[in-house]
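Just so it is clear, the values below take in all heavy atoms, side chains as well, and ignore hydrogens, waters and symmetry mates. Reminder, nothing fancy here: chain letters follow the sequence lines and each chain counts from 1.
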Amino acid sequence: MPVCVLSQSSQIPAHLTRTSISAIRTGPDWTHACVKGRVVHKDALVPLDDDDFILKAVIQDVDSSPNTTCPEISIKMLLMGSLAKDFSTTVHLGDMVVASGFSVSKSSTVKEKQHPCTLLLSGQGACVYVCSSEVNSVVTRKRSPKAVEVRHLQPEVTSVVTRKKASWTTQAPGEAKEAKYVYSRLDDLEVGTRVNVYGVVVFFKQPFKSSGTDYCSSLKITDQSNQRIGCNIFLSKLEEHPKIFQVGDIIRMHRVKVCRFNDSVSLINTFGFSAVTFDGSKGEPVEPRTSCQTIHFDEEDQRMVEQLRAWSFNQALLPTAPSVTLSTVQPSAYFDLSCQLLAKAPLDSSCTLLRVWDGTKCPHPLLKVLVDPEMTEGPSSFSPEQENLIANVLVYDNHVEVAEQLKPGDFLRIYNVRAVLGSSKVPGLAGTQTLEQDHLAFHLHRGTAYGRGIRVLPQTSPTVQELKSVIEAFMQNEDDHAMMEVWGTPPESVDTDPVSTDSITETNCRHSIDPLTLSEVKRSNPGQVHHVKVQVKSYQPQKLHQSLKLFCDKCSTMQDVPDEDHVLGLLSAASQDRGPCSAPVWALSGQVQLPVGPAGPSDLSLYFSPQLMFDGKNKQLVFLKGANLAQVKTLSASYLNIVPVRSSGGQLALLDLSAPVLFRGRRRYYGCKKCSNPAVREPSVEGVDVVSEKLVAEALGVELLRYVLLLRLELQDSSGSLDVLLWRDAELFFNVSAADAASSQKVQDHICQTMGSLCPPEGSTVWRPWLDMCLVSYEAQNDEGINQTVYQICHTKLSKATPEPDPVTSP
DNA sequence: GGTTAGGCTTTG
């Protein structure tokens, strides 16, 4: 992507959030972040091979002042491809730049005062903005000792240079040619070069721990040239490894190096490596599988995938036989089992038991394994009928570590598992059990030969969809609802009505990321955005009026809305105070007579702004003394703003801030005790058309509290459950305003009905709607001061729900 | 911009 020269830094796209260099760390998604800094070091452009380049530069934080003791922190940037080339020609030492679309990795070498991470700018999303107007100020005001040479940008370089796509092929500077990645055929790989390739996977191993520092994915690919090329991918992060689920998947790899080993050519990942995989079946939608937030994918990629699919279909590269299930498994066979994990238990240090099912019934009796319920994750026992459906898989040695990460509910593929008939000796405690003859056990042997391994399948994978429908159909036939309830298999269609899994929510965020399961979300680092498809298992508070809170934007504290009795009491107490009280010098005072009721006296003191009186707007604001709550409510029909007041030491004063500081129609406004300096003061209303709550609050020195909705939802999917907050975007979610919820029964009913439909009360637990959600995770301290990962629902809106309009919400 | 593996002829 481009290097853009901007005349003002305000031209940087608004969706980018500025981050300081010191805040950079590995883990979070930095897609929508940018950092600003001065270029204090710039290496020469290094050509990697034909059309690829790399360039190293260092930028220094612009906010760190040379006058403070705080050292000026700098960070290394690595620019790849055409961006490196553009940067090399356009950007000079001393330039102020803003970098975006980067990823962050740990630096191997760290210099003093240099950030331990490196910004990687590669691919379509990466961009560098050069702030040309700030060059002068750099030169004159703030010359860093490190900035050995500071040059002005050429004055004529003020236009914005943009290119649409990541460039791979060499271009003449300024030539706005549509650039693209060039892919090498597998029979045209020159040892020592760096290439991009497409291929059909003919063999693969799940990533396994190498003896070095990384996980290794080992695979073999082929293409129309019929060459078969081995590839080894070394990456420290499991999630960055190519997501290969089965032979026949299509993989695209960028920046792999061609090596020779034992007289055959092989590929290995190099710096800037990225991989995207696709289902290899003809006709399936072409959906890229990647953990990368920003990938380059265009019509040409679509075509490449479709061509490879067609070719591999004719070559019969995809497994054609239907996959083996528990109902079709032959004793002694090695096979790949797609299944759902129900429970697991470690048997000894080198063997873990996975209890799985796939919704089919095995014709052979299945081995039963006795395990300590204390050691079992998930249900420790099932009914005899259920037991007949559950396969016990013993996974050994290196697979134990993978098994530890699995959660009951996960959908799995277990590769090269073996069905073992006969008397199986079971390790650990279970070894003492009576051996069952001619029962079928399943073993996942140690090592990674034959691609042995376990993989969690995402909810969106066709295999999981198929598995779910098989399980569902099985449940309907067996009428075994207990089974379903135990492990929360999403019961998409159990009632008589065929219920679709269509989501009843919309997300309006612009993240294009694959949905994850909740267990995948839980395994991710905080500071990320996730998409999930979930049901609401439960929610708090059950008494929904308690979800309404008051929030101070100034001090970020939240409090409950004072209840009606409390407000009643405070006003009633204030109305009893009949002591002498002089009106403020600025105020005009008056009296009003209300019909005598059981609740109190009829004579109330009113104080007005003379300016409003003069403007004929005396109904817009009144300070009201001696009124109880009922009387305030009555007068609310006549006065736009009512400020209840009392006498304090002969002077007019506001009530305690736990009472509403202002009544405006049905709405009540409260002030923050911490941030307010309350007093009865004359509001400046000159030239004001309508007296707003803000104007009144400002005059009174009151920091108004904002109504917010706060709910805690327990979400569930087949992989487990997760507690999340609905707060920041709660109003968007329900399509209501929290302030309306505070004053309108209709809006409150709407929220209650909505929650009731998302999470039906007891007796109708079978059907719950599915919701697409966008979650953000972040770290926050709990009450004990311990850091915890918090999840919040954001950018998510219920599709249809809108409360009926309430005719008298506001005056 | 450095190591790791470099399938496989299985098995508790």
Side-chain angles (χ1 to χ4, degrees), chain A residues 43 46-49 52-56 76-80 84 105-110 118-120 122 191 194 201-222 228-238 241 244 247 255-273 331-336 346-353 367 369 392-400 414-428 430-431 435 440-453:
Chain A
D43 270 1
V46 179
L48 288 171
D49 49 55
D52 196 12
F53 303 92
I54 187 166
L55 185 141
K56 195 170 91 181
K76 196 156 66 181
M77 300 202 300
L78 274 165
L79 301 105
M80 314 291 299
S105 73
K106 275 245 157 27
S107 300
S108 46
T109 52
V110 182
T118 299
L119 305 179
L120 304 175
S122 128
V191 171
R194 269 163 51 108
V201 175
V202 291
F203 169 80
F204 69 104
K205 285 181 180 183
Q206 292 307 324
F208 57 94
K209 264 217 164 108
S210 73
S211 63
T213 56
D214 295 329
Y215 286 93
C216 173
S217 284
S218 202
L219 55 142
K220 191 170 264 181
I221 59 173
T222 187
R228 294 194 162 211
I229 305 290
C231 316
N232 287 297
I233 314 297
F234 294 98
L235 293 164
S236 57
K237 288 187 188 158
L238 269 176
H241 278 257
I244 307 171
V247 163
R255 297 190 178 93
V256 285
K257 193 169 75 187
V258 183
C259 319
R260 177 169 292 282
F261 175 77
N262 278 349
D263 275 345
S264 57
V265 169
S266 69
L267 297 172
I268 190 163
N269 60 314
T270 64
F271 206 70
F273 169 84
S332 305
Y334 289 92
F335 67 109
D336 297 343
L347 297 183
D348 66 16
S349 63
S350 66
C351 182
T352 294
L353 172 70
L367 177 82
V369 183
N392 289 306
V393 184
L394 302 163
V395 310
Y396 289 95
D397 298 319
N398 53 313
H399 308 298
V400 167
I414 308 177
Y415 297 90
N416 198 238
V417 66
R418 190 181 192 205
V420 181
L421 190 62
S423 53
S424 296
K425 193 170 182 321
V426 178
L435 289 183
L440 208 52
F442 298 87
H443 294 238
L444 183 65
H445 298 307
R446 82 165 72 91
T448 61
Y450 296 94
R452 279 199 293 265

> Taking all atoms of both residues into account, what is the closest heavy-atom pair of A:Phe271 and A:Leu120, and its distance?
Replying inline: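 The answer is CZ-CD2, 3.5 Å.
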
> So, for A:Leu440 and A:Ala419, which heavy atoms are closest and what is the spacing to 0.1 Å?
Replying inline: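 Scanning both residues completely, I find the closest heavy atoms to be CD1-CB, 4.2 Å.
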
d([atom1], [X]; [atom2], [N]) in whole Å:
X        : N      : atom1 : atom2 : result
A:Arg260 : B:dG6  : CZ    : P     : 19 Å
A:Lys56  : B:dG2  : NZ    : C1'   : 13 Å
A:Leu421 : B:dT11 : CG    : P     : 19 Å
A:Tyr396 : B:dT10 : OH    : P     : 18 Å
A:Arg452 : B:dG12 : CZ    : P     : 10 Å
A:Leu367 : B:dT11 : CG    : P     : 20 Å
A:Asp397 : B:dT11 : CG    : P     : 12 Å
A:Leu235 : B:dA5  : CG    : P     : 15 Å

Nucleotide nearest [X] (side chain, heavy atoms from C-beta), chosen from [options]:
X        : options               : value
A:Phe234 : B:dG12, B:dT10, B:dT4 : B:dT4
A:Tyr450 : B:dG12, B:dA5, B:dT10 : B:dT10
A:Phe208 : B:dA5, B:dG7, B:dC8   : B:dA5
A:Phe203 : B:dA5, B:dT11, B:dG7  : B:dG7
A:Ser266 : B:dA5, B:dG6, B:dT10  : B:dG6
A:Thr213 : B:dT4, B:dG6, B:dG7   : B:dT4
A:Asp214 : B:dG7, B:dT3, B:dG12  : B:dT3
A:His443 : B:dT4, B:dG6, B:dG12  : B:dG12
A:Cys216 : B:dA5, B:dG6, B:dG2   : B:dA5

>> Regarding B:dT4, can its base be found pairing with the side chain of A:Asn232 as donor and acceptor, where the two atoms are less than 3.5 Å apart?
In response: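 A donor-acceptor contact between them is absent.
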
When we call it a touch if two heavy atoms are under 4.0 Å apart, what does [X] touch: a base, just sugar-phosphate, or nothing?
X        : result
A:Lys205 : sugar-phosphate
A:Ile268 : base
A:Asn262 : nothing
A:Phe204 : nothing

> Starting at the 5' end of DNA chain B and moving along, which residue's nearest nucleotide shows up first, A:Lys257 or A:Lys220?
Replying inline: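 Per heavy-atom nearest nucleotide, the more 5' residue is A:Lys257.
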
> Which sits closer to the 5' end of DNA chain B, A:Thr448 or A:His399, going by the nucleotide each is nearest to?
Replying inline: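 It is A:Thr448, whose closest nucleotide lies nearer the 5' terminus.
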
>> Does B:dA5 have OP1 or OP2 under 4.0 Å away from a side-chain N or O of A:Lys209?
In response: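 So the side chain of A:Lys209 is outside the cut-off, no N or O lying under 4.0 Å from OP1 or OP2 of B:dA5.
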
>> Check this one for me: any side-chain N or O of A:Ser211 less than 4.0 Å away from OP1 or OP2 of B:dA5?
In response: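 True: A:Ser211 side-chain N/O within range (under 4.0 Å) of B:dA5 OP1/OP2.
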
> What is the distance from atom CD1 of A:Ile229 to atom NZ of A:Lys220, rounded to the nearest 0.5 Å?
Replying inline: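 Output value for this atom pair is 9.0 Å.
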
> In chain order, what residues pass the ring pair (Phe, Tyr, Trp, His ring centres under 6.0 Å) check against A:Tyr415, with sequence neighbours excluded?
Replying inline: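 A:Tyr415 satisfies ring pair (Phe, Tyr, Trp, His ring centres under 6.0 Å) with A:Phe204 only.
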
> According to the salt bridge (charged side-chain N to carboxylate O under 4.0 Å, His left out) rule, which pairs have a member within residues 258-267 of chain A, sequence neighbours left out?
Replying inline: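 Non-adjacent pairs meeting salt bridge (charged side-chain N to carboxylate O under 4.0 Å, His left out): zero.
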
> Please walk me through it: do A:Phe442 and A:Ile414 pass side-chain contact (heavy atoms from CB on, under 4.5 Å)?
Replying inline: CA-CA 10 Å; A:Phe442 298 87; A:Ile414 308 177; over 6 Å; no

